[in-house]
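What follows is a short report on a single structure.
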Amino acid sequence: MDSDHLLTATQPEPAALGRYYGSCDGKAALARETSPGSWQVKVRDPLNRLAGHDGWMMLGTGWSTLAEARAATGLS
């Protein structure tokens, strides 16, 4: 089969999702957009028993803007 006649499917580039690094109560924190219009905030607290194996603990998820996520969690 001649490669010049093959149809190629192109997929659009995925939209870049937002990310914000800051601090919360003196600990490193990350806010990230998991899908367009849905933000979650995690804090790095390896000494907290509720933190995952990597030391990150979820503070919350589902905010529609970064400003809402920052206000709700105290992320600076």
Side-chain angles (χ1 to χ4, degrees):
M1 180 178 269
D2 188 356
S3 64
D4 291 337
H5 299 289
L6 291 176
L7 294 176
T8 57
T10 58
Q11 295 183 2
E13 289 289 320
L17 298 175
R19 185 168 290 226
Y20 178 85
Y21 293 95
S23 64
C24 187
D25 293 329
K27 297 176 178 61
L30 165 67
R32 68 182 184 140
E33 196 174 18
T34 56
S35 63
S38 182
W39 287 82
Q40 72 175 204
V41 177
K42 292 182 173 184
V43 67
R44 177 101 167 108
D45 190 1
L47 299 179
N48 189 316
R49 64 179 183 82
L50 299 176
H53 70 280
D54 58 358
W56 286 91
M57 186 171 71
M58 179 74 68
L59 292 184
T61 189
W63 294 286
S64 59
T65 65
L66 174 58
E68 288 178 4
R70 290 180 66 188
T73 60
L75 177 64
S76 59

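- Side chains of Cys24 and Val41 form no contact here, defined as non-hydrogen atoms less than 4.5 Å apart.
- Note that NZ of Lys27 is 13.5 Å distant from CG of Leu75, once rounded to the nearest 0.5 Å.
- Side chain of Ser35 to backbone of Ser38: no donor-acceptor contact under 3.5 angstrom is found.
- Residues Trp39 and Ala69 approach most closely at CB-CB, 4.2 Å, considering heavy atoms.
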Side-chain donor-acceptor distances from residues 42-57 under 3.5 Å, at least two apart:
from: Arg44; atom 1: NH1; to: Asp54; atom 2: O; distance (Å): 2.3
from: Asn48; atom 1: OD1; to: Leu50; atom 2: N; distance (Å): 2.7
from: Asp54; atom 1: OD1; to: Trp56; atom 2: N; distance (Å): 3.2

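- Residues Arg19 and Leu30 have side chains in contact (heavy-atom distance under 4.5 Å, counting atoms from C-beta outward).
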